[in-house]
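Notes follow the structure.
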Amino acid sequence: MKLSIIGAGAVGTSCAHWAVVKKVAEEIFLFDVVPGLAQGKALDLAQSAPLYGFSGKIYGTEDFSLLKKSHVVIITAGKPRTPGMSREDLLKINAEIVRSCAEKIKLYAPESIVIVVSNPLDAMVYVAYKVTGFPKERILGMAGVLDSARYRYFIAEALNVSPKDVQALVMGVHGDLMIPLVRLANVSGIPITELLPQEKINEIVYRTKFGGGEIVSLLKSGSAFTTPGLATIEMAESILRDEKRVLTCSVLLEGEYGISGVFLGVPVILGKRGVERILEIKLTPEEAEQLKKCEESCKNLTGSLFF
Ligand SMILES: NC(=O)c1ccc[n+]([C@@H]2O[C@H](COP(=O)([O-])OP(=O)(O)OC[C@H]3O[C@@H](n4cnc5c(N)ncnc54)[C@H](O)[C@@H]3O)[C@@H](O)[C@H]2O)c1
Ligand SMILES: O=C(O)C[C@H](O)C(=O)O
C-alpha cells in the first residue's frame with residue numbers, strides 16, 4: 001500500500017511519524033513545495049527504521065508526479081492559524097493551496113482516496129471535492145476524530161478513569177459551532193450524565209469546542225499537530241486495512257440529516273472504498289437545530305469561493 005502526504009509541515013510530519021509507528025503502508029511519500037523540506041523530514045524519519053524496525057520505504061520529494069499509484073493521499077498543506085485568528089480567517093489563502101494540491105492529485109492519483117486536514121476543514125474538503133471531481137466516497141476530511149479524542153480525554157481527566165473506556169462523539173463543523181453530543185457520551189456504557197454534574201459537563205463541552213484555540217494560544221505560533229496526525233492516520237489505517245471503523249469524518253451530505261450540498265462531520269464506516277456508509281443517528285430537535293446552524297455556516301463559507 002502507498003500513502004502520500006502533501007505538506008511536510010507539523011501535521012504532515014506527524015502523520016508520517018504515526019504511519020510508520022502503525023506500519024499502515026509499505027511506502028510513505030511526503031511532498032512539499034519548499035525545496036529540501038520533505039526530503040529532510042523523510043530522511044530523518046527513515047533513520048528511525050533500524051531502531052524501530054520499520055522495513056517500508058519513506059521518501060520526501062517536490063516531484064508531485066510521484067503521487068502516482070497512491071492508495072490514500074492526505075492533504076495537510078496550508079497555513080495554520082496564530083493567536084487571535086479563527087480557522088475561517090484561513091479560507092482564501094488555504095483554498096488556493098488546497099486547490100493546487102487537488103489538481104495534482106487529480107492528475108497523478110485519480111484513483112486515490114483523499115483525506116483533507118487543512119483548515120477551515122469542512123470548506124477545504126469541499127474545495128478538494130470540486131477540483132478533483134472524485135466521487136463523494138473518496139473525499140473526506142479529518143476533524144471529528146480529533147475533536148472526539150479531545151472530548152474523551154477531558155471526560156476521562158474529570159473522572160480520573162482510563163481514556164480508553166470513554167466513548168463520545170463530536171459532530172458538525174470543525175469550528176466554534178461543533179456539537180459534542182452529551183447524550184451519547186459514556187464510560188464503559190455508563191452515561192456521563194450519571195457520573196458528572198451538569199456544570200462540569202458544560203465546562204468539558206466548552207473546552208472541547210475551543211480545544212484547538214486553546215493550543216494555538218499556548219503555542220503562540222502554529223497549531224496542534226501530534227493528535228491531529230494520529231487522528232488522520234486512524235482514518236487512513238481504516239481505509240488501507242479495510243477495517244470498517246466507525247469514525248466521525250467530514251463527508252458530503254446529500255439528504256442525510258435533512259442536509260444537502262455541504263461537508264459536515266458525521267459518523268461513517270470507513271473501509272477500502274473510502275466512505276462506505278453514512279450512519280444517520282436520530283437527533284433531538286435541539287441537536288438537529290445545532291446541525292442546521294453548522295450547515296448555514298459552511299454554506300456561507302463555501303459560497304464565497306468561486307467554482
Ligand atoms: N483538521 C484538523 O483538525 C486540523 C488539525 C491541525 C491542523 N490543521 C490544519 O492543517 C494545516 C497544516 O498545519 P501545520 O501545522 O502542518 O502547518 P505548517 O505550516 O507546519 O505546514 C504546512 C506545510 O504546507 C506546505 N505547503 C504550502 N503550500 C503547499 C502546496 N501548494 N503544496 C504542498 N505543500 C504546501 C508548507 O510549505 C508547509 O510545509 C493548517 O491549515 C492547519 O490549520 C487542521
Ligand atoms: O485549531 C486549529 O487551528 C488547528 C486545528 O483545527 C485544531 O483543532 O487543533
Side-chain angles (χ1 to χ4, degrees), residues 4-18 29-42 60-64 66-67 73-105 108 115-125 127-128 131 140-151 153 170 172-176 178 180 207-235 247-250 263 265:
S4 290
I5 301 159
I6 307 183
V11 181
T13 307
S14 170
C15 287
H17 181 141
W18 287 115
F29 276 69
L30 257 180
F31 296 83
D32 206 287
V33 285
V34 175
L37 181 68
Q39 289 97 314
K41 294 286 183 81
T61 180
E62 293 120 52
D63 177 0
F64 287 85
L66 296 176
L67 281 168
V73 181
I74 296 170
I75 304 179
T76 65
K79 295 276 177 212
R81 62 178 162 150
T82 48
M85 285 176 82
S86 73
R87 296 180 182 93
E88 290 74 19
D89 291 337
L90 301 166
L91 180 75
K92 288 273 150 54
I93 188 161
N94 282 353
E96 278 317 307
I97 292 174
V98 170
R99 177 203 284 270
S100 95
C101 298
E103 279 164 356
K104 288 162 186 151
I105 296 169
Y108 297 117
I115 304 175
V116 180
V117 181
S118 320
N119 271 320
L121 191 271
D122 307 280
M124 293 306 104
V125 203
V127 170
V131 174
L140 60 159
M142 188 291 291
V145 180
L146 170 66
D147 297 326
S148 304
R150 286 181 175 144
Y151 190 25
Y153 171 72
V170 178
V173 74
H174 184 53
D176 299 354
M178 72 177 73
R207 199 168 172 205
T208 302
K209 288 171 80 160
F210 298 97
E214 183 179 358
I215 292 180
V216 169
S217 59
L218 289 166
L219 292 181
K220 310 272 188 311
S221 75
S223 48
F225 52 91
T226 304
T227 307
L230 178 55
T232 310
I233 293 306
E234 290 273 301
M235 291 167 60
L247 299 172
T248 303
C249 306
S250 182
F263 280 80

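Fair warning: this is a prediction, and the values are worked out from it, not measured in the lab. Read the numbers this way: they start at 1 and go in the same order the structure lists the ligands and their atoms.
- Considering backbone and side-chain atoms alike, D32 places an N or O below 3.5 Å from some N or O of ligand 1.
- The ligand atoms of ligand 1 that sit less than 4.0 angstrom from a heavy atom of S100 are 31 (N).
- Interface atoms of ligand 1 facing V11, defined by a heavy-atom separation under 4.0 Å, are 6 (C), 7 (C), 13 (O), 14 (P), 15 (O), 16 (O).
- Here N119 has side-chain heavy atoms under 4.0 Å from ligand 2, and that is the only part of it that gets that close.
- The nearest non-hydrogen atom to atom 19 (O) of ligand 1, considering only P80, G9, G229, G141, comes from P80.
- Remark: the backbone N or O of T13 is not paired with any side-chain donor or acceptor of K41 at under 3.5 angstrom.
- Using a 4.0 Å cut-off between heavy atoms, D147 makes no contact with ligand 1 at all.
- For atom 40 (C) of ligand 1, the candidate residues are R150, K79, R99; the nearest heavy-atom contact is made by K79.
- The nearest heavy-atom contact from the protein to atom 43 (O) of ligand 1 is N119 ND2, 2.9 Å.
- Between H174 and ligand 1, an N or O atom pair is found at a separation short of 3.5 Å.
- Counting heavy atoms from C-beta on, the side chains of R207 and R150 never come closer than 4.5 Å.
- Looking only at distances, a side-chain donor or acceptor of W18 sits under 3.5 Å from a matching main-chain atom of T226.
- Under a 4.0 Å criterion applied to the non-hydrogen atoms of V34, ligand 1 contributes the atoms 37 (O).
- Under 4.0 angstrom from ligand 1, the non-hydrogen atoms of L121 all belong to its side chain.
- Contacts with ligand 1 closer than 4.0 Å are made by heavy atoms of both the backbone and the side chain of V117.
- For V170, the side chain to side chain contact (heavy atoms under 4.5 Å, CB included) test picks out D147, S148, Y151, M178, P180, T208, with sequence neighbours left out.
- Each of the atoms 9 (O) of ligand 2 lies under 4.0 Å from some heavy atom of A224.
- The closest approach between any non-hydrogen atom of M85 and ligand 2 is not below 4.0 Å.
- Close N/O approach between S223 and ligand 1 is not found [any backbone or side-chain N/O within under 3.5 Å].
- The shortest distance between side-chain heavy atoms of C15 and T76 falls below 4.5 Å.
- For F64 and Y108, the gap between ring centers reaches or exceeds 6.0 Å.
- A donor-acceptor pair under 3.5 Å is formed between the side chain of S118 and the backbone N or O of A77.
- For A77, heavy-atom contacts with ligand 1 shorter than 4.0 Å involve the backbone as well as the side chain.
- Using a 4.0 Å cut-off between heavy atoms, M142 makes no contact with ligand 2 at all.
- Ligand 1 has no N or O atom lying under 3.5 Å from any N or O atom of T76, backbone or side chain.
- Short contacts between ligand 2 and R81, defined as distances under 4.0 Å to a heavy atom of the residue, involve ligand atoms 1 (O), 2 (C), 3 (O).
- Scanning the protein for heavy atoms near atom 28 (N) of ligand 1, the closest one is I97 CG2, 3.4 Å.
- Scanning all heavy atoms of the two residues, the minimum distance from T61 to F29 falls at CG2-CD2, 4.5 Å.
- When the options S118, A224, G265 are ranked by their closest heavy atom to atom 6 (C) of ligand 1, first place goes to A224.
- Here A231 has no heavy atoms under 4.0 Å from ligand 1, in either its backbone or its side chain.
- The 12-atom threshold is exceeded at NZ of K104, counting heavy atoms of other residues, nucleotides or ligands nearer than 6.0 Å.
- Under 4.0 angstrom from ligand 1, the non-hydrogen atoms of I6 all belong to its side chain.
- At the top of the distance list for atom 22 (C) of ligand 1, counting protein heavy atoms only, stands G78 O, 3.3 Å.
- Shortest contact from atom 30 (C) of ligand 1 to any protein heavy atom: V33 CG1, 3.7 Å.
- The ligand atoms of ligand 1 that sit less than 4.0 angstrom from a heavy atom of N94 are 41 (O).
- Within ligand 2, counting atoms from 1 as listed, the ones closer than 4.0 Å to a heavy atom of G212 are 1 (O), 7 (C), 8 (O), 9 (O).
- Closest to atom 9 (O) of ligand 2 among all protein heavy atoms lies R150 NH2, 2.7 Å.
- Shown here are the side chain to side chain contact (heavy atoms under 4.5 Å, CB included) partners of E88, two or more places apart in sequence or in another chain: S86, L301.
- Short contacts between ligand 2 and H174, defined as distances under 4.0 Å to a heavy atom of the residue, involve ligand atoms 5 (C), 6 (O), 7 (C), 8 (O).
- Distances between N or O atoms of P228 and those of ligand 1 include no value under 3.5 Å.
- Closest of all the heavy-atom pairs between N119 and L90 is O-CB, 3.8 Å.
- Of the candidates L67, V98, I74, D32, I6 forms a side chain to side chain contact (heavy atoms under 4.5 Å, CB included) with just one, namely L67.
- Ligand 1 has an N or O atom lying under 3.5 Å from an N or O atom of A10, backbone or side chain.
- The two residues V116 and M124 make their nearest non-hydrogen contact at CG1-CB, 3.9 Å.
- Near L37, meaning under 4.0 Å from any of its heavy atoms, are these atoms of ligand 1: 39 (O).
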